[in-house]
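Proteins get letters first, then strands, A, B, ... in listed order; numbering begins at 1 in each. No hydrogens, no waters, no symmetry mates; every other heavy atom, side chains included, goes into these values.
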Amino acid sequence: MSRRQEKFVPLTPGKVRMYVCGPTVYNTIHIGNGRAAVFFDTVRRVLMALGYEVIYVHNYTDVDDKIIRVAQEVGETPLAVAERYIRTYEEDMRALNVLPPTVSPRVSEHIKEIIALIQKLLEKGFAYEVGGDVYFRVEKFPRYGALSGQSVEALRAGARIEVDEKKENPLDFALWKRAKDGEIHWRAPWSRGRPGWHIECSAMSMKYLGESFDIHGGGIDLCFPHHENEIAQSEGATGVQFVRYWMHNGHVQIAKEKMSKSLGNIVQVRDILSRYGGMPLRFWYLNTHYRQPLEYHEEALVQAEQAVRRLQTFFDNVQHARMHAPLGALSTELKASVEAVSLSYWNALLDDIRTPDAITALFELVRLGHQHLTTGTGGSREDADYLFKTFSQWTVTLGFQFAGDVSYPPEVSSLLQEREEARKTRDFARADALRAKIEALGFRVEDTPSGQRVRMKDA
RNA sequence: GGGAGCAUAGCCAAGUGGUAAGGCAAAGGUCUGCAAAACCUUCAUUCCCCGGUUCGAAUCCGGGUGCUCCCUCCA
């Protein structure tokens, strides 16, 4: 709330409670939505790596005007539309290696809690009812605007909203909307209707995390009015501090413009996933600090893909050395240099989740490791094991995933055997022909001092 | 009109008072039967511009310029 970086101290030692605003499920998500999901997943992973128990709540907004509109267009019920897009969202999250939330509450299943919260606001005078609608009375809440750094006066002066005659003040926002004929609705004391957009997050976050919790996140666009409204509703109702730390990620831009439907420049997560896969996309996100705007370029994804390939290669090489390198004690020299890099790795993440710097440290580890493993005596199995464990710990914290051992069909292994023979007899023409055959099957064969080695082609 | 933020090499991107990280791309070298991978070397006298403060500024201050976002649904 200070609008600056603060030292993080959880409410309960050893435990972190965080809430991240989830998607409105009326279509597949674009790369901007993906950024938020990946970033907050990374925050969670860092906290976990530090030993905190993290309760992570990520909601689905499955009751909303846009969902109703889509439902009417395709002739399904709103909840069926929502259900379908929740499934596609979960698929996308898996591909991005985003951990499943501890709880994924849906608005439609929390109407009771929402009504109770509105009731409480009415009793305390923070809300009023007009013809079946209920609004929040912004003037009753003096701190309104503190999060986004705007004053009520300034907001009113710049208001672009068309004034709704029913409201006492143009800034007042809906807690409950009366349903129009035929729309999905629930019974409430004021009317048959549905909750306003902001109240759901207050109700659900407080249900699972308590009246006060540690971290609340979302895209920067949610800062105002959504999060501002959440604070007003929640603190109005409870009288205690709602959230201790707010985090907002920056937007993805395309050609210096915000992605938006009206500009027709939406890039879908699934689209990138199908062309590059989840890890390059995740890498691209994390290679920029979360509060910076991130500009989408085709070339940036290609670069990310290359970078991920380098990491995968290191993973493979170390894995190989763990099996084949000579036995021996862990090099103290290696240990010392890795520990130095480790310091900068963790410092980066501890200081406002500076993932780009953490990635830098990761690449330093890669270079160090390769250097050690390929120069002089070449490093021991212990060294490789140490490198592997460090690398794994760091990449798990960032949410990067690597393909394990390559498994290949019997036809490839017989070709490999033939090639081995050919190489022994120095029949290189035949060896090259066999390599081409293996490649045609989707694998790449490399010759190392310890024999032939197979990788996936383009993996 | 009000609020927030960004500008660093061919590209992506750190650095926020001590003399420009890292990745991708590119060039040369080592290794290799050839490759691949890896390693080594090279690649911004300079950080949008103009002033100022300082022994010292990409970093602080003042003034410009360009761009983005928010104030309406939005990650």
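Here C39(B) is the nucleotide among G33(B), A14(B), C39(B) with the atom lying nearest to any side-chain atom of Arg310(A). In this structure, the nucleotide among G23(B), G33(B), A37(B) sitting nearest to the side chain of Arg423(A) is G33(B). For Gln303(A), the side-chain atoms get nearest to C12(B) when compared with the rest of G22(B), C12(B), A21(B).
An aromatic stack links Phe428(A) and the base of G33(B), using centre distance under 5.5 Å and interplanar angle under 30°.
The phosphate of C40(B) (OP1 or OP2) has a side-chain N or O of Gln371(A) nearer than 4.0 angstrom. Taking side-chain N and O atoms only, Arg367(A) has no distance below 4.0 Å to OP1 or OP2 of G22(B). Side-chain N/O atoms of His251(A) include none lying less than 4.0 angstrom from OP1 or OP2 on U68(B). Residue Gln292(A) places none of its side-chain N or O atoms closer than 4.0 Å to OP1 or OP2 of C12(B). Under 4.0 angstrom from either OP1 or OP2 of G23(B) there lies no side-chain N or O belonging to Gln306(A).
In this structure, A37(B) makes no Watson-Crick or G-U wobble pair, since no nucleotide meets both defining distances under 3.5 angstrom. With both pairing distances under 3.5 Å, A26(B) is matched to U42(B) as a Watson-Crick or G-U wobble pair. With a cut-off of 3.5 Å on both Watson-Crick or G-U wobble distances, the partner of A21(B) is given as none. Taking a pair to require two hydrogen-bonding distances under 3.5 Å in either a Watson-Crick or a G-U wobble arrangement, C48(B) pairs with G64(B). Shown here, A57(B) forms no base pair; nothing in the strands shown gives a Watson-Crick or G-U wobble contact with both key distances under 3.5 Å. Base pairing of G1(B): its partner is C71(B), meeting the Watson-Crick or G-U wobble criterion (both donor-acceptor distances under 3.5 Å).
The gap from the C1' atom of U68(B) to that of A36(B) amounts to 43 Å, rounded to the nearest Å. Taking the C1' atoms as reference points, G18(B) lies 32 Å from A25(B), given to the whole Å. Nucleotides U54(B) and U16(B) are separated by 23 Å at their P atoms, to the nearest Å. For A20(B) and U45(B), the P atoms lie 11 Å apart once the distance is rounded to whole Å. Comparing G22(B) with C69(B), their C1' atoms are spaced 28 Å from each other, to the whole Å. Spacing between C43(B) and A75(B) at atom P, rounded to whole Å, works out to 46 Å. For C24(B) and U41(B), the P atoms lie 15 Å apart once the distance is rounded to whole Å. Of the C1' atoms belonging to G5(B) and A9(B), the separation is 24 Å, rounded to the nearest Å.
Judged purely by distance below 3.5 Å, without hydrogens or angles, the side chains of His320(A) and Asn317(A) never pair a donor atom with an acceptor atom. Side chains of His58(A) and Tyr89(A): a donor-acceptor N/O pair is present below 3.5 angstrom, by distance only. Residues Glu421(A) and Gln417(A) bring no donor and acceptor atom of their side chains to less than 3.5 Å of each other. Judged by distance alone, the side chains of Ser331(A) and Asp383(A) never bring a donor and an acceptor atom under 3.5 Å apart. There is no side-chain donor-acceptor pair under 3.5 Å between Tyr60(A) and Glu83(A). For the residue pair Asp62(A)/Tyr85(A), the side-chain donor-acceptor check at 3.5 Å is not satisfied. The closest side-chain donor-acceptor pair between Tyr19(A) and Asn59(A) falls under 3.5 angstrom.
Within the 4.0 angstrom heavy-atom criterion, base atoms lie near Asp447(A). Using a 4.0 Å heavy-atom distance criterion, Arg291(A) is classed as making no nucleic acid contact. Using a 4.0 Å heavy-atom cutoff across all strands shown, Ala300(A) reaches no nucleic acid atom at all. Counting non-hydrogen atoms under 4.0 angstrom, His289(A) reaches the backbone sugars and phosphates but no base. Nucleic acid contact for His248(A): none, since no nucleic acid atom lies under 4.0 Å from a heavy atom of the residue. When heavy atoms are screened at a 4.0 angstrom cut-off, Asp432(A) is found touching base atoms of the nucleic acid. Nucleic acid contact class of Gly250(A) (heavy atoms, under 4.0 Å, all strands): base.
As rounded to whole Å, 10 Å separates atom P of A36(B) from atom CD of Glu446(A). Between the CG atom of Leu434(A) and the P atom of A35(B) there is a distance of 19 Å, given to the nearest Å.
Residue Glu299(A) is the one, among Ile359(A) and Glu299(A), whose nearest nucleotide of RNA chain B lies closer to the 5' end (criterion: closest heavy atom).
Between the side chain of Thr360(A) and the base of A14(B), no donor-acceptor pair of N or O atoms lies under 3.5 Å.
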